[in-house]
Student: 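Sharing a structure below in structure tokens format, with a few things to ask.
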Amino acid sequence: MLAASLLMTACGGAQGGAGADLRAASLVIAENEPPATFDPVQADNSTVNEVSRPAYDTLVRFEGTDLAPSVATEWTVSEDGTTIGLTLRDDVVFHDGTALTANDVVYTLDRVQRLQIGVASFLSAYESAEADGETGVTITLSEPSAPFLSALSRVYLLNADLVEENAGGDDAQQWLSANDAGSGPYRLTGYTPNQEATFELFEDYWGGVDGQAPNVVFRYLAEASTQATALRQGEIDIAMDISPQDWEALEAEGFTVDRADTNVQLYALFDMTGKGETEQRALREAVSYSYDYGQHVESILKGAGEPARGVLAAGMPCHDPDVAAPSFDPDRAREILADEGLEGTSLTMTYLEATAEMEQAATLLQSNLADVGVELTLQAITYPQYIEMTSAPEDVPDLGMIYSFPAFPDASAVLYQGFHSSNAGGGLNFGGYSDEEVDALVERGQTATDPEERCAAYNEAQDIVVDDHAAMVLSNPQYVTVIGEGVSGYAYDPAHHQTVDVYRISKG
């Protein structure tokens, strides 16, 4: 097992000697929430994806919105769309020095299928895979799946022999929760729960080593104000959860403030399981018209974002710019409530604690709803708590505020993951939305090979979801990262939101 802790003072506030040398050689990144596991099968969650990305490779990756080679150098798709042939690099080695081969790829994909958790929801069409020598893989799908190749960008490749040695009775989930079986540019060296995760540069990485920091540390600091203080004191190099109120001050002090457009949207998802107040469409509609979306962008985001329109961000393929999304109209909200006898309704909403945009948005919605006669009780929780709550229909809150982080730039990553009924109760369909017509449309969008046919199906699905008022889409925020002196190479990656590609970064 990995050591449970490292010398945190050496990475943090040590003033001289070996501690100062280690701090200078370390790229320290602040995050507001630790990962639930280091098992990359759970990399559909951004906190797990962040610590999987340095340690593991994928078959393909995104360069902006374009799919590019990684461990797979090339691929072909059969005419009927159900067979994918991959050719692998022959120079990839795992951190224990063994070669990555086609057998490791097959093992990784089969493990995802066995476990049916995390990234498995991206690979629903996967049927089997077969190795052809050391560098050939053939994947067979149960049906054509247009997003399948894109989804492989979130499947991190495992050292099959090492994982099998530690499989235990749970397919190595416990072992991988704190250990590394990857071939990425960094290897996991330690984790102090709720405090920090540490990585060391892998000198034999197939992509080469050229100026990267010898060590990477993810420091878990829940409060935005704590991250700002740590930046100013030189204890961290990159912070991604700074409050908008602090951006201007930090920029004036010489920090780089990087603002990037995203495919991410902030949702308040209604409970659509049919058990509570929000089963009434009229109430959902009234709540949706109660929110001051413009104030959100102006006052909460300080202009770093746009009002959302519909369930897909404007930068996503197949976004429907004509969808009839609600706007701020409190008079209409009051009229609906009065007509339906819903004045005085009481609701509860969860949001993620220590997330500046959510905290302020929750307070604004509470105030807006009070103005139209609806009482909203707020509950701050962690992401793992939200996952646990939404896995059981009886525990889904009236409203749950959550970001939608598309795992790849395809409409399926939002519409299938977030609104297909198969992903309710344990998947990313947190509100438990279920509509047979939407299911059929999203499935058509996934299997169609013609881009126009795909978008037509996805656009129709968007219209239905919006008309159902299944979700309030509060904002399409920019992603703002604050970077300290001496750090170069940082770039926001829309396919890995809230995840730093440490391999690109140099320090010093």
Side-chain angles (χ1 to χ4, degrees), residues 41 43-44 57-62 65-89 101-158 160 317-318 406-417 419-423 427-428 436-458 460-461 495:
V41 75
D44 59 325
D57 280 312
T58 55
L59 290 164
V60 296
R61 60 188 177 88
F62 275 94
T65 58
D66 297 326
L67 201 61
S70 185
V71 169
T73 59
E74 57 185 7
W75 51 87
T76 59
V77 180
S78 64
E79 189 172 344
D80 67 359
T82 62
T83 303
I84 300 171
L86 300 164
T87 301
L88 310 182
R89 300 182 65 97
T101 71
N103 288 328
D104 298 296
V105 174
V106 173
Y107 179 87
T108 299
L109 290 168
D110 285 348
R111 179 176 184 265
V112 172
Q113 185 185 50
R114 288 195 301 272
L115 291 177
Q116 285 300 304
I117 57 175
V119 299
S121 63
F122 303 154
L123 307 178
S124 58
Y126 177 77
E127 189 169 280
S128 64
E130 184 177 348
D132 180 12
E134 298 287 294
T135 60
V137 176
T138 301
I139 298 173
T140 302
L141 306 182
S142 59
E143 60 182 0
S145 175
F148 190 88
L149 273 169
S150 297
L152 292 178
S153 66
R154 280 294 183 96
V155 177
Y156 292 101
L157 302 175
L158 296 169
C318 302
F408 42 89
D410 187 284
S412 171
V414 174
L415 293 173
Y416 176 74
Q417 299 302 322
F419 296 98
H420 193 282
S421 61
S422 66
N423 289 318
L428 298 180
E436 290 183 0
E437 189 174 2
V438 169
D439 284 355
L441 287 165
V442 172
E443 290 164 12
R444 189 192 311 165
Q446 287 189 301
T447 57
T449 55
D450 179 68
E452 290 187 7
E453 184 182 348
R454 295 192 74 215
C455 283
Y458 286 138
E460 194 173 342

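The first residue in the sequence is number 1, and the count goes up from there.
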Student: Under a 3.5 Å cutoff, is there a donor and acceptor pairing between the side chains of Glu143 and Thr447?
Tutor: no
Student: Determine the minimum heavy-atom distance between Ser124 and Ser142, stating which atoms define it.
Tutor: O-OG, 4.4 Å
Student: To the nearest 0.5 angstrom, please state how far the CG atom of Leu88 sits from the CD atom of Glu74.
Tutor: 10.0 Å
Student: Quick one: CD on Glu452 to SG on Cys318, what's the gap to the nearest 0.5 Å?
Tutor: 10.5 Å
Student: In a check of ring-ring contact (aromatic ring centres under 6.0 Å, His included) between Phe408 and each of Phe122, Tyr416, Phe62, which one passes?
Tutor: Phe122
Student: Can you tell me how far CG of Asn103 sits from CD of Glu134, rounded to the nearest 0.5 angstrom?
Tutor: 7.0 Å
Student: Mind checking the OG1-CG spacing from Thr83 to Leu141? Nearest 0.5 Å is all I need.
Tutor: 7.0 Å
Student: According to the salt bridge (Lys or Arg N to Asp or Glu O under 4.0 Å) rule, which pairs have a member within residues 113-123, sequence neighbours left out?
Tutor: Arg114-Asp171
Student: Which pair of non-hydrogen atoms, one from Arg61 and one from Pro69, has the smallest distance, and what is that distance?
Tutor: NE-O, 3.3 Å
Student: Got a sec: does the CD of Glu130 have more than 12 other heavy atoms crowding it under 6.0 Å?
Tutor: no
Student: Atom OG of Ser128 and atom CG of Leu109: how far apart are they, to the nearest 0.5 Å?
Tutor: 10.0 Å
Student: Is there a donor-acceptor pair under 3.5 Å between the side chain of Gln116 and the backbone N or O of Gln113?
Tutor: yes
Student: Roughly how far apart are Ser121 OG and His420 NE2, rounded to 0.5 Å?
Tutor: 11.5 Å
Student: What is the minimum heavy-atom distance between Ala448 and Ala146, and which atoms define it?
Tutor: O-CB, 3.7 Å
Student: Run the side-chain contact (heavy atoms from CB on, under 4.5 Å) test on Asp104 and Leu157 for me, step by step, so that the C-alpha distance in whole Å, both residues' side-chain angles and the decisive distance to 0.1 Å come before the verdict.
Tutor: CA-CA 7 Å; Asp104 298 296; Leu157 302 175; 5.9 Å; no
Student: Parallel, tilted or perpendicular: which describes the rings of Tyr126 and Phe148, with under 30° parallel and over 60° perpendicular?
Tutor: parallel
